[in-house]
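For reference, the structure is listed below as structure tokens.
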Amino acid sequence: MERLSLTLDRGQILGLLGVNGAGKSTTLSMIAGALRPDSGGIQLSGEDFLEHPALARQLVGWLPERAPLWPELTVSEHLVAHGRLRGLRSNALKQARDTIIQRLELGSLLRRLAGVLSQGQRQRLGLACALLHRPALLVLDEPANALDPVQVAALRTVIREEAAAGTAVILSTHLLAEVTAMCDRVAILHEGSLRHDAAVTDSDHKALERTFFDIAMNNGAMNNRRNPTA
Amino acid sequence: MSSTFAVTRLELRRLFVRPLAWVLAALTLAQLAWRFVLLLGNFLDNQIKLAALPGGPGYTDLVGVPLLSSALTVGILPFGLTELALLIVPLLTMSTLAGDRANGTLPLLFASGLAPSKIVLGKYLAVLLWLLCWLALTLAMPLSLAHGTHLDWGKFAAATLGLVLALAALGAIGIACSAFASLPAIAATASLTLSLALFTVNLAAQKAGVDNDLVNWLAMSTHLEALLRGLVSSADIAWFVLAIAVALALATRRLAADKELG
């Protein structure tokens with residue numbers, strides 16, 4: 001990644017678009033604290049993550065692509081383990097666990113091993129782990145991958161609820177429809193750099209598609225217009 | 001420190017829900033119980049002769065300590081705890097970090113804001129705790145007869161210290177191999193090879209006609225045998241501490257590189 005600069009407000013949903021290999025997952029891994037950038041900084045509420053890694057622990061929730069899980073642990077054990085890793089203790093952990101189980105309808109899966117969950121159930125558990133500690137920034141890498149339309153609708157509802165509650169959300173996708181349906185802003189990455197950063201409105205789908213293909217096919221230069229139709 | 005313990009609890013949970021840890025514990029304890037019975041039988045058969053020898057070997061020398069290692073025993077008997085540890089520690093540690101790497105769960109630990117050193121330490125503590133429970137169950141066998149015989153507590157404590165240090169060193173080597181490997185099976189193979197080499201480097205060198213202080217110092221068996229004989233020296237303890245520190249530092253360095261390079 002190079003010369004990537006993004007700012008996100010509370011309650012805003014940013015869609016990160018790009019073809020495979022554009023650098024979306026790398027960017028999100030760095031924002032989530034899983035990968036350390038060579039240079040630069042990542043700030044949340046004015047504090048630098050790289051200098052204070054514990055901030056990422058408390059303030060960021062991350063759902064990586066394909067929701068990696070420990071196959072030998074149950075759904076319930078995953079929630080407890082993630083809560084502890086994020087610094088939640090006894091009562092707070094129990095309360096957070098109960099809330100997220102109810103919210104994401106995981107009650108019937110609690111004793112099931114993660115290794116035997118369907119892809120949709122894995123994504124749901126991954127999302128539950130990401131939301132468990134009420135993060136201020138939610139980072140979702142291809143969250144709708146392999147989900148059926150009903151599961152996608154449920155996922156969108158949860159993301160919108162989070163944004164409405166003030167959580168900043170970054171989601172990566174290679175589906176333009178996902179961005180226009182969900183996001184307030186879109187950033188397009190190509191070959192490791194930011195090529196486009198603009199607001200999304202309901203009528204933008206065609207224009208966004210043109211911009212995306214321009215960048216992807218023509219290896220376009222930085223296109224930092226606030227309005228993609230301009 | 002609480003974040004380190006969170007990793008320890010997670011790793012312990014993973015160890016205890018996998019059948020491998022239970023199967024290893026059951027098989028090795030059964031084998032050690034068999035060795036204990038055979039050692040005890042030999043001791044009882046020779047008790048009258050031994051009693052006639054002034055300062056002759058007793059229960060500790062012939063049953064307690066030999067249960068922990070075959071190094072000081074003569075004849076064909078099942079493996080002692082040390083030899084079993086060389087085989088089972090690689091199996092126990094192989095998934096600690098290589099499993100996380102293969103599952104894709106290692107980045108989840110990084111994203112929890114944990115420093116690589118805390119992740120390594122957390123995983124190491126879990127393995128160490130399992131090994132100490134295994135050692136405690138083994139020690140319960142000779143200790144169960146302590147009230148009816150004369151146990152040399154000093155020598156037994158020295159041997160126990162030696163085993164604790166040896167298990168800690170083998171565990172650290174296993175964790176380091178797991179940190180470097182992409183798959184658990186590779187980690188187990190590397191750990192087994194490295195542990196055996198470190199344990200027997202002096203014997204191999206002697207077979208090749210090389211017998212010098214450096215090779216003897218390098219071998220884990222040199223330092224363990226001294227402790228099994230009841231000789232507690234700071235130099236031997238320092239060797240184990242050094243081995244543990246080097247192995248954990250290498251594992252930490254590898255994880256830090258993972259976090260830097262992805």
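Proteins come first, then strands; the chains are lettered A, B, ... in the order of their sequence lines, and each starts at number 1. Not measured: the values here are computed from a predicted model.
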message: Run the side-chain contact (heavy atoms from CB on, under 4.5 Å) test on B/Leu38 and B/Arg35 for me, step by step, so that the C-alpha distance in whole Å, both residues' side-chain angles and the decisive distance to 0.1 Å come before the verdict.
response: CA-CA 5 Å; B/Leu38 290 175; B/Arg35 181 177 171 85; 5.7 Å; no
task: Please look at A/Leu113 and chain B and tell me whether the side chain, the backbone, both or neither of the residue comes under 4.5 angstrom of a heavy atom of that chain.
output: neither
statement: Note: vs chain A, highest number of non-hydrogen pairs under 4.5 angstrom among B/Gly113, B/Ala6, B/Gly104, B/Ser112 is B/Ser112
field: Proximal component of B/Leu109, with respect to chain A [non-hydrogen, under 4.5 Å]
entry: side chain
Side-chain (A/Gln102) to main-chain (A/Thr99) donor-acceptor, under 3.5 angstrom: no
- prompt: Tell me, side chain or backbone of B/Arg14 under 4.5 Å from chain A's heavy atoms, or both, or neither?
  reply: both
message: Surrounding CD of A/Gln43 (heavy atoms of other residues, nucleotides or ligands, distance under 6.0 Å), is the total greater than 12?
response: yes
query: Would you say the side-chain atoms of B/Thr93 pair up with the backbone N or O of B/Val89, donor to acceptor, closer than 3.5 Å?
result: yes
- request: Would you mind checking which part of A/Arg66 comes under 4.5 Å of any heavy atom in chain B, side chain (CB onward), backbone (N, CA, C, O), both or neither?
  value: neither
field: Region of A/Glu77 that comes under 4.5 Å of a non-hydrogen atom in chain B
entry: side chain
- line: Bottom line for A/His52: the part with an atom under 4.5 Å from chain B's heavy atoms is neither
Max heavy-atom pair count under 4.5 Å with chain A, selected residue of B/Leu106, B/Leu10, B/Val7: B/Leu10
query: Are the side chains of A/Met1 and A/Leu189 in touch, meaning some heavy atoms are under 4.5 Å apart?
result: yes
message: Is it the case that over 12 heavy atoms from other parts of the model lie below 6.0 angstrom from the CD atom of A/Gln119?
response: yes
